[in-house]
Amino acid sequence: MCGIVAYLGDKKAKPILVEGLKRLEYRGYDSAGLAVIDHGRLQLVRSAGRISDLESCLAEQELEGSLGIAHTRWATHGAATTENAHPHLDHTGKIAIVHNGIIENFATLKKWLISKGCTFRSETDSEVIANLISLFYYDESQSDQAGPDRGLEIRLETAVRLALRELDGTYGIAVVSSEVPDVLIAARRGSPMVVGLGDGEFIVASDAAAIVKHTTQAIYLGDNEMVVVTRDGYRTITIENDPVAAKIEQIEYSLDRLELDGYAHYMAKEIFEQPQTLADCLKGRLDQTSGQVVLGGIASLSRELVRAHRIGIAACGTAWHAGLVGEYLFEQLAQLPAEVDYASEFRYRNPIIEQDTVFIVISQSGETLDTLAALQEAKERGALVLGIVNSVGSTIARQTDAGIYLHVGPEIGVASTKAFTGQLAVLTMLALYIARRRRMSQQMLEHYIRALRRIPEQISTVLEQSEYIHQVAQEYHQRENWLFLGRGYQFPVALEGALKLKEISYIHAEGLPAAEMKHGPIALITPEMPVVFVAPKSSQYDKVMGNVEEVKARGGIIIAVATEGDETIRDYADHVFTVPDTLEELQPMLTVIPLQLLAYHAALIRGHDVDKPRNLAKSVTVE
Ligand code: AGP
């Protein structure tokens, strides 16, 4: 996901913009740039590569200006080159914009702008926005509606509004002009923009992480809204020029949780802090006194949840794997029909949403465009939509009817780890919450709550095997094809283990239901192929052991995740990672841990950047 930072205040913009971009690095990018209005001139500095490369380019530039915009780009239209890096200028070189999102009608607009005499330097869709604003700004028919003193401010504001109304697609943008050196304009549709209200200064960004060092007072722009910031204050309006009553909110984001705390990587920190983050996720939600699950975020919808005839779930990637565990949980604990969809498939499938359907969207970032679109599709079809989200105040969190935050803290590593176990914990609590209001006895509920409370300490036990897992990764990190197999609740865990290995070690890995082996994939088994069986003691253990024997008979390498004390599997497996015993429905929160560590160690041994893997972004806000 691209990152935007913009500043208007009484300090030099350059260092604030660069520091803000560094706060957004974790989201993944391939080029960066900034533009500062300096002594009435627009100074543009951009670089392919890392922010450190941009800093090298900036070293010789003494930029004094206190108004500027900056951007980290994750390439969608056009390669990761300096020319395609943001900010983009209009053809006069006086207006600069940075843009997150995708302009779907950019080709048509570009052709029309060229016919109007505009020139283009990049392959991007974003550059169209700069020239469109320019065309409206320099359109002589635009009267100076507010007279000479504010004429240019209103002129720029009007030009931005008119340009945005021409766009199809999504945008989060910030705009400055050397002709209007005391005005910063930002706007959004489908891509987040947060306006930080400092003391005599404003920091506008696509993520609160870039703001919170300066201020925790902020306005979250809504879709089709824009903010006009001047040195005297700010105004929020719609792109139709209707006033918007801005709501000032407190940013819930602590910078200290953004620090590495001595770990080599954010991914390592986030794997090893899971005992704490899971405890944080459960905190206050398993009431000792009443013996109930307490979920404040959905309490007002208790009746609708109990009356629900069906649960729909939509998510992407790791969140989708959590949703698949959720499907099993709702059906087995709450006897509720449930179905999980890839958000990208759901939104185009013409889905049937019956009455009394509760729809759940799961998203760590709360900004994944496909998941946001699935949310909107479900709402339009009449479903009650709940969100299971980590990022407080994110777009998805704001658009659902209600929701449950993970409370696991900011997840910086691109590969999702602590958010996954948090999602599983929330789904389990939600299924128990509904089950108790349907047929589950209080005694059974307390049985699950007791087991759930033990999970954080049990995760600690699993983490103690990290060094052994490192040794196994060392032995097999050069194998280029892996299989991950599991049954029941462990099938989604097998999928998640395969995804972790793929996305940070770049090894090809496939997750499958263990029983599917005999329907084809068993042809792949050779003495070269590591096969990971997620096989804790469960109702399907004997069946899984049958699959283990099939692989063993064909000389496959067997790495097993098994329950402590299971001696049987040791007769077949080359390596065994153990997890403490717990209820079958809760096992995924434990069995995923060794697979997170396996992927982390393999990626490091293979020399990859585990926090910022190639081609990946932390939040995918494009289709
Ligand atoms: C998981 O490790 C990946 N980074 C990716 O699959 C991610 O889970 C997916 O893009 C969904 O992101 P979200 O939870 O922020 O919506």
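Side chains included, hydrogens not; waters and symmetry mates left out as well; all remaining heavy atoms used. Each ligand, and each atom within it, is numbered from 1 in the order the structure gives. In this text the structure is predicted, and so the values were computed from the model without any measurement.
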Quick one: do Asp280 and Lys283 make a salt bridge, cutoff under 4.0 Å?
-> yes
[atom]: nearest protein contact (heavy atom, Å):
{"atom": "atom 8 (O) of ligand 1", "result": "Thr318 N, 3.1 Å"}
{"atom": "atom 4 (N) of ligand 1", "result": "Val414 O, 2.8 Å"}
{"atom": "atom 6 (O) of ligand 1", "result": "Gly317 CA, 3.2 Å"}
{"atom": "atom 3 (C) of ligand 1", "result": "Glu503 OE1, 3.4 Å"}
{"atom": "atom 11 (C) of ligand 1", "result": "Cys316 O, 3.4 Å"}
{"atom": "atom 10 (O) of ligand 1", "result": "Val620 CG2, 4.2 Å"}
{"atom": "atom 16 (O) of ligand 1", "result": "Thr368 OG1, 2.5 Å"}
{"atom": "atom 14 (O) of ligand 1", "result": "Gln364 N, 2.7 Å"}

Checking side-chain polar atoms at under 3.5 Å, does [X] have a donor or acceptor matched by the opposite partner on [Y]?
{"X": "Thr72", "Y": "His86", "result": "no"}
{"X": "Asn390", "Y": "His407", "result": "no"}
{"X": "Thr591", "Y": "Gln490", "result": "yes"}

Per-atom contacts, ligand 1 versus [X] - under 4.0 Å to a heavy atom:
{"X": "Lys500", "result": "1 (C), 2 (O)"}
{"X": "Ala415", "result": "2 (O)"}
{"X": "Ser416", "result": "1 (C), 2 (O)"}
{"X": "Ser365", "result": "13 (P), 15 (O), 16 (O)"}

Do His265 and Tyr600 make the cut of ring centroids closer than 6.0 angstrom?
->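 Yes, they do, as the ring centres are separated by less than 6.0 Å.
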side-chain contact (heavy atoms from CB on, under 4.5 Å) between Val340 and Trp320, worked out = CA-CA 7 Å; Val340 64; Trp320 185 88; 3.7 Å; yes
Do other residues, nucleotides or ligands put more than 12 heavy atoms under 6.0 Å from the CD atom of Glu457?
->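 Yes.
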CD (Gln478) with more than 12 external heavy atoms under 6.0 Å =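 Counting other residues, nucleotides and ligands, CD of Gln478 stays at 12 neighbours or fewer.
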